Structures are given as C-alpha cells and as structure tokens.
Amino acid sequence: MLRVVVCVSGGGTNLQAILDAIDAGKVTNAQVVAVISNNPGVKALTRAENHGIPGICISPKDYESRAVYNQALTDIISEQDPDLIVLAGFLVKIPEQMVAKFSNRIVNIHPSLIPAFCGVGYYGLKVHEKVLERGAKITGATVHFVNEGMDEGPIIAQKAVAVEDGDTPEVLQRRVMEQAEWILLPGAIDDIANGRIEVVDNKVRRIK
Ligand code: GAR
C-alpha cells in the first residue's frame, strides 16, 4: 500500500478528487496518510479532517528564515514515511533537500499544458488569466514529477481543455479542474501505486 502525503495551500478540490477516487476504488494500492498545508484554516484541511486524515499546518511565517522552514518542512514530511508526495495546489517551492531525498517520488499538478504557461509566477488563477490574455484556444493540465526546476520535471500525463469565448479566469479554471485535473491526478497516483510507469532519461514511460 503506497503511503501518500498530500500537500495543499487552499481549497483542496484536487485533494478531494484523490480521496473520492480512493473511496470509489478508482485508485488502488494507495492511502493518504497525512495532509500538509502551509496555510492555516484552509478548506483543504477541513476536507482532510472530514476524512479522518491528520492535517498538519506548517507556515513559513512561524520560522525565522526560509532555510529553517525548508528543513522543518522536509522533516515533517519525512516523519510520515511517504512513498509518494503529491503537490495538490501546494504553492511553496519545494526545498532542494526534499527533491534530493524523494527523487521521482514527488508529483505536482499544474493547470496548463507544460511547457506553456508555467514556471515562476504561474500558479492558480494567474495561469488562466495569462492564457486568456494571450488568446490561447487550448489549455489544459499537466501532472509531472518534481525536480529542482520550476514545473520542469518529467511529464506523467496531460489533458487538453478548450478555451471558450467569454471565459473568465474563474470559469476557465473550473473547466480545467473538471475536465482535466480531477481526472489526471488520481490517474497518475493509480499508475504509480500499481507500478505502471517508470522514469528513463528524464522521461516517463509506461511499463509494458
Ligand atoms: C489547482 O488548479 C492546481 O492545478 C493549481 O492550484 C489549484 C489548487 O486548487 N496549482 C498550481 O498552480 C501549481 N503551480 P485546489 O486547492 O482546489 O486543488
């Protein structure tokens, strides 16, 4: 059984999608053992609590420096003995020591088709604002392994979503979540939990 730690910062709809998929048997061989948030009082922590899963808040504001916070975050996550760390809307740059310790065991969901609309400054609603500003006709979501770069690790899965005339960032965000994120992320966890994918030469491939 894969021990999964989910890291969140806000609403936690992707966390909910993971929990629902596990409950429905669409994700097998995986259990969420803890939810980590960098923000206190967020809805994602309530979702964890409602599911009987320990929710832990670790905020940078409570630490004297980013370096001290980074080590504390790495330690708290390590204490959960995770096989997989899922960044489900976790808007904290993952510390280098954590990436090194959990190589190819951290996955992130990003609300665009990487390498478009990603990198520093592209997160949450901002991504959809930029897509609309640029007039792109297709967007989507990407699940990828996390490396030292920002949104640069090996891509596990992607799904395209249409941009429609009159979309607001909020409307587009919701469509990308419904049509892509809430499907892709549980699917990737299921693939990892059941040994269906591997990373070769910095690329993800399906094990035949
Ligand atoms: C999601 O759209 C996720 O893709 C995005 O934050 C949102 C969190 O929503 N993540 C990023 O932008 C990471 N760069 P949620 O809390 O409802 O799952």
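Predicted model only: the values in this text are computed from it and were never measured. Start at 1 and go down the list; that is how both ligands and their atoms are numbered.
With respect to atom 13 (C) of ligand 1, the closest heavy atom belonging to the protein is Ile109 O, 3.8 Å. Protein heavy atom nearest atom 9 (O) of ligand 1, with residue, atom name and distance: Met177 CE, 3.4 Å. From the protein, the heavy atom lying nearest to atom 4 (O) of ligand 1 is Glu181 OE1, 2.8 Å. From the protein, the heavy atom lying nearest to atom 17 (O) of ligand 1 is Thr13 OG1, 2.6 Å. Annotation: atom 11 (C) of ligand 1 to nearest protein heavy atom, Pro111 CD, 3.6 Å. Scanning the protein for heavy atoms near atom 14 (N) of ligand 1, the closest one is His110 ND1, 3.2 Å.
With hydrogens and angles disregarded, a donor-acceptor distance shorter than 3.5 Å links the side chain of Arg3 to the backbone of Gln80.
Under the 4.5 Å side-chain heavy-atom criterion for Ile, Leu, Val, Met, Phe, Trp and Tyr, Leu185 and Leu91 are members of distinct hydrophobic clusters.
Applying the 4.0 Å criterion to heavy atoms of Gly89 picks out, from ligand 1, the atoms 6 (O), 8 (C), 10 (N). Against a heavy-atom cut-off of under 4.0 Å, Tyr122 is close to the following atoms of ligand 1: 14 (N).
Arg105 has its side chain out of reach of Pro82: every pair of non-hydrogen atoms, C-beta onward, lies at least 4.5 Å apart. Between Ile94 and Phe102 there is no side-chain heavy-atom pair separated by less than 4.5 Å.
Geometrically, ligand 1 and Gly124 share a nitrogen or oxygen pair separated by less than 3.5 Å. Distances between N or O atoms of Asp151 and those of ligand 1 include no value under 3.5 Å. In terms of polar-atom proximity, Asn108 is not counted as a contact of ligand 1, lacking any N or O under 3.5 Å from an N or O of the ligand. Residue contacts with ligand 1: Tyr123 is placed with no nitrogen or oxygen under 3.5 Å of a nitrogen or oxygen of the ligand (distance criterion only).
Crowding of Tyr63 atom OH: a count of heavy atoms from other residues, nucleotides or ligands under 6.0 Å exceeding 12.
Considering all non-hydrogen atoms of both residues, Val161 and Ala180 come closest at CG2-CB, 3.8 Å. Of all heavy-atom pairs spanning Ser9 and Asn39, the tightest one is O-ND2, 2.8 Å.
Distances shorter than 4.0 angstrom do not occur between any heavy atom of Val8 and any atom of ligand 1. Residue Gly12 places a heavy atom less than 4.0 Å from ligand 1.
Using a 4.0 Å cut-off between charged side-chain N and carboxylate O, Lys26 and Asp20 make no salt bridge.
When each of Pro60, Ser59, Pro95 is checked for a side chain to side chain contact (heavy atoms under 4.5 Å, CB included) with Tyr69, only Pro60 meets the rule.
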